[in-house]
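Here is the naming used below: chain letters follow the sequence lines, and residue numbers restart at 1 for every chain.
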Amino acid sequence: MDSHAVLQSIWRVVAAIPAGRVSTYGEVAKLAGLPRGARQVGHALGKAPASLHLPWFRVIATGGRIALPKGTRGYRTQISKLRADGVAVENGRVRLTAFQWTPDLDEMIWGLR
DNA sequence: TAATTGACCGATC
DNA sequence: AGATCGGCCAATT
């Protein structure tokens, strides 16, 4: 599997995160077939062309933390985008118990198809 | 080729 | 709750 394919699978997973829900770097990595590749996800998001319109802001760090350093441009952008999605962000954090996306449980809990 | 860096994670203190 | 530390893995220097 070449690196380009890896980027694509990561982007595919990120693109699949539904509005109003979030996922973590580690989780996205796992879903993309990289069990310990959380850092790769960071790189992949950084390299993603804007033309893909990827919902990168739905990807956060473990514990619901906003990964970007507080005070940066991206930090504020991410929060406002999440809020626009209906995700509650308090003090730079998201309640994962309420908003974390897990594809398999998604159908069971929310009855989505 | 080796060292450094980074939108990370988990356990531990 | 916040800080430290070791482990991870790829891209960059």
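Looking at A:R58, its side chain does come within 3.5 Å of a backbone N or O of A:I17 through a donor-acceptor pair. Distance alone, capped at 3.5 Å, is enough to place a donor-acceptor pair between the A:Q78 side chain and the A:V59 backbone. Between the side chain of A:R65 and the backbone N or O of A:G92 there is no donor-acceptor pair closer than 3.5 Å. At least one donor-acceptor pair under 3.5 Å links the side chain of A:H53 to the backbone N or O of A:S51.
Distance A:E27 CD to B:dC9 C1': 13 Å, rounded to the nearest Å. Between the CG atom of A:N91 and the P atom of C:dA1 there is a distance of 11 Å, given to the nearest Å. The CG-C1' distance, from A:L96 to B:dG10, rounds to 15 Å in whole Å. Between A:I10 atom CD1 and B:dA7 atom C1' the separation is 12 Å, expressed in whole Å.
A salt bridge is defined here as a Lys NZ or Arg NE, NH1 or NH2 lying under 4.0 Å from an Asp or Glu carboxylate O, and A:K30 with A:E27 meets this definition.
To the nearest whole angstrom, the two P atoms, one in B:dA7 and one in C:dG7, are 22 Å apart.
Checking B:dC8, C:dG2, B:dG10 against every side-chain atom of A:T62, the shortest atom distance belongs to B:dG10. Relative to the side chain of A:W56, the nucleotides B:dC9, C:dA1, B:dA7 differ in distance, and B:dA7 lies closest.
The side-chain heavy atoms of A:R76 and A:I79, taken from C-beta on, include no pair separated by under 4.5 Å.
Taking 4.0 angstrom as the limit, A:R73 places none of its side-chain polar atoms (N or O) nearer than this to OP1 or OP2 of B:dA7.
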Quick tally for nucleotides 7-13 of chain C: nucleotides whose base has a protein heavy atom under 4.0 Å get B, sugar-phosphate-only ones S, the rest -, giving BBBBSS-
